[in-house]
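The block underneath contains the structure these notes are about, expressed in structure tokens.
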Amino acid sequence: MLKYHHINSGSDPAAWQWMLAPIFRFVGPARLRGNDEVHFWLGQHAALSLAHHGATHLAVEPQLIDGRVIDGIAVRLMLAGTTKIENQNLNNVIAARTISIIELDKVAQLIYGTPGISEITLWLPRSKLARVLSSGPAVHGRSFAGTPAANIVAGALQTLIQEVQRNGAAALDAVANGLAQLVGDMIVSAEWFAGSETDGGLQSLETIRSYIDTNLRTNDLTAAKLASVFGLSRSSLYRLFAPLGGVAAYIRARRLEVARREIKDPSVRNHRIAPVAYGVGFGSISTFNRAYAQTYRETPRESRAPAPGIPKYATSPEHKLGPLTEWLLALE
């Protein structure tokens with residue numbers, strides 16, 4: 001599966017769109033320049049891309065293909081320019097020399113508002129980060145900069161680009177597991193630093209998130225309840241969850257993610273949606289429907305998994321899978 005793609009996105013923007021389809025959708029015209037280009041190295045265990053482009057607006061939209069959700073991870077290092085990551089719970093500006101993480105099974109808008117964008121992206125199957133994602137931590141849209149671990153990951157990505165330019169995707173595969181380990185350490189260390197600022201420095205963010213996941217289906221899961229259970233002041237709890245968009249936003253996002261998985265499960269596709277909404281802790285179906293549509297840009301009913309044998313993106317002849325999607329499917 002060692003492949004290399006070089007696309008002159010300035011003269012052939014359609015080729016760039018094809019490379020990313022259908023995981024990423026271009027919103028409006030891309031303001032590209034003649035010398036804009038994108039390089040993709042697709043290895044057996046990871047993929048890497050280097051992009052130089054102008055102002056662009058991309059939408060990340062969860063995709064169900066052949067009954068499977070594409071759930072890879074994109075680890076992005078901004079070399080130049082800025083990006084804004086937005087969804088219902090995020091409004092994060094990513095500056096140069098900052099790393100951000102995008103989970104491809106979650107909604108986001110990537111708004112590149114300035115010309116002269118340069119970025120490196122490491123593409124990983126979710127299994128490579130199972131060590132830190134197994135308890136359901138929210139890393140989607142988070143940024144990392146200035147910590148020792150973030151600096152090491154940034155340096156490793158820049159060095160890796162030089163290696164694959166000389167030796168191809170084989171160089172990427174040689175260090176894929178080590179890179180994934182570094183990214184996992186970066187995530188864990190960022191949470192440890194955040195946790196050390198809480199009262200007593202004893203409560204980790206991972207522990208609180210695990211409690212949230214265990215109690216998602218209860219109606220009294222609130223910031224006040226969490227502060228009481230973990231012996232934290234409200235201000236400490238809010239500070240701890242600030243990088244994740246806040247306590248209430250995190251709880252709502254996790255409830256929506258669990259509900260979305262249940263709604264898309266083909267084995268229960270004929271079940272009513274209301275019990276799913278109430279079952280994950282929403283107090284009213286109208287509140288659930290509104291939050292779901294705002295987050296995923298479709299209604300819960302529209303998210304229903306298609307009948308077996310009718311993949312969602314095989315129903316229309318213009319829907320074709322780009323190389324990145326094919327690569328992620330092959331790895332899962």
Side-chain angles (χ1 to χ4, degrees), residues 16-17 20-28 30-31 38 49-63 69-124 126 129 132-133 136-147 150 153-154 157 183 186-187 190-191 194 205 209 241-254 256-257 260 291-298 324 328:
W16 188 19
Q17 297 181 42
L20 299 174
I23 301 173
F24 291 86
R25 176 175 59 84
F26 282 67
V27 180
R31 295 189 291 275
V38 184
S49 63
L50 172 64
H52 308 287
H53 57 86
T56 310
H57 183 175
L58 298 176
V60 185
E61 299 176 335
Q63 302 296 333
V69 176
I70 302 297
D71 63 349
I73 306 293
V75 182
R76 307 163 58 245
L77 169 63
M78 292 296 298
L79 298 174
T82 60
T83 312
K84 181 183 290 187
I85 304 177
E86 291 184 348
N87 67 14
Q88 186 182 22
N89 303 314
L90 290 171
N91 187 3
N92 197 2
V93 176
I94 310 300
R97 299 181 298 281
T98 299
I99 295 170
S100 61
I101 294 181
I102 300 294
E103 297 184 72
L104 301 181
D105 63 341
K106 297 179 175 60
V107 170
Q109 304 287 318
L110 305 183
I111 303 171
Y112 300 90
T114 60
I117 298 291
S118 290
E119 59 179 332
I120 299 171
T121 303
L122 175 67
W123 308 85
L124 296 168
R126 179 174 288 269
L129 292 176
V132 294
L133 300 182
V139 299
H140 183 55
R142 287 185 61 184
S143 59
F144 304 83
T147 66
V153 172
L157 289 174
V183 172
M186 176 186 70
I187 295 169
E191 293 174 6
L205 187 58
R209 284 201 307 238
F241 276 83
L244 306 181
V247 182
Y250 177 79
I251 293 173
R252 180 175 60 181
R254 290 295 297 141
L256 287 171
E257 288 170 20
R260 185 171 177 82
Y292 191 100
Q294 289 174 345
T295 300
Y296 297 111
R297 295 176 176 256
E298 62 182 7
L324 179 62
L328 285 166

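Numbers here are sequence positions counted from 1.
Here the closest heavy-atom approach between residue A80 and residue A96 is recorded as CA-CB, 4.2 Å. Heavy-atom minimum distance, S143 versus T98: CB-CG2, 3.8 Å. Summarising the geometry of A154 relative to L77, their closest heavy-atom pair is O-CD2, 3.6 Å, with the distance given to 0.1 Å. Nearest heavy-atom pair, G81 versus I117, reported as atom, atom and distance to 0.1 Å: CA-CD1, 3.8 Å. What you find for M78 and A95 is that their closest heavy atoms are CB-O, 3.4 Å. Minimum interatomic distance between A150 and M186 (heavy atoms only, all atoms of both residues): CA-SD, 3.8 Å.
Looking at L110 and I85, their side chains come closer than 4.5 Å, going by heavy atoms from C-beta outward. Counting only heavy atoms from C-beta outward, the side chains of F24 and V60 approach each other to under 4.5 Å. Side-chain contact between R252 and L256 is present, with at least one heavy-atom pair separated by less than 4.5 Å. Using a 4.5 Å heavy-atom threshold, the side chains of R142 and I101 count as separate. Annotation: side chain of L328 is in contact with side chain of I23 (closest heavy-atom distance under 4.5 Å). Between L79 and L50 the shortest side-chain heavy-atom distance falls below 4.5 Å.
Residue I99 holds its CD1 atom at 8.0 Å from OG1 of T147, rounded to the nearest 0.5 Å. How far CD1 of I73 is from CD1 of I187: 8.0 Å, rounded to the nearest 0.5 Å.
Relative orientation of the F26 and W16 rings is perpendicular, given thresholds of 30° and 60° on the angle between their planes.
For T82, the side chain to side chain donor-acceptor pair (under 3.5 Å) criterion is met by no residue, not counting sequence neighbours. Scanning for side-chain contact (heavy atoms from CB on, under 4.5 Å) contacts around T121 gives S49, A74, R76, E119, W123, with sequence neighbours left out. By the side-chain contact (heavy atoms from CB on, under 4.5 Å) test, R25 pairs with V27, A59, E61, sequence neighbours left out.
A salt bridge between E257 and R254 is present, with a side-chain N of the basic residue lying under 4.0 Å from a carboxylate O of the acidic one. Using a 4.0 Å cut-off between charged nitrogen and carboxylate oxygen, R126 and D105 count as a salt-bridge pair.
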From CA spacing to verdict: side chain to side chain contact (heavy atoms under 4.5 Å, CB included), E86, I111: CA-CA 8 Å; E86 291 184 348; I111 303 171; 3.6 Å; yes
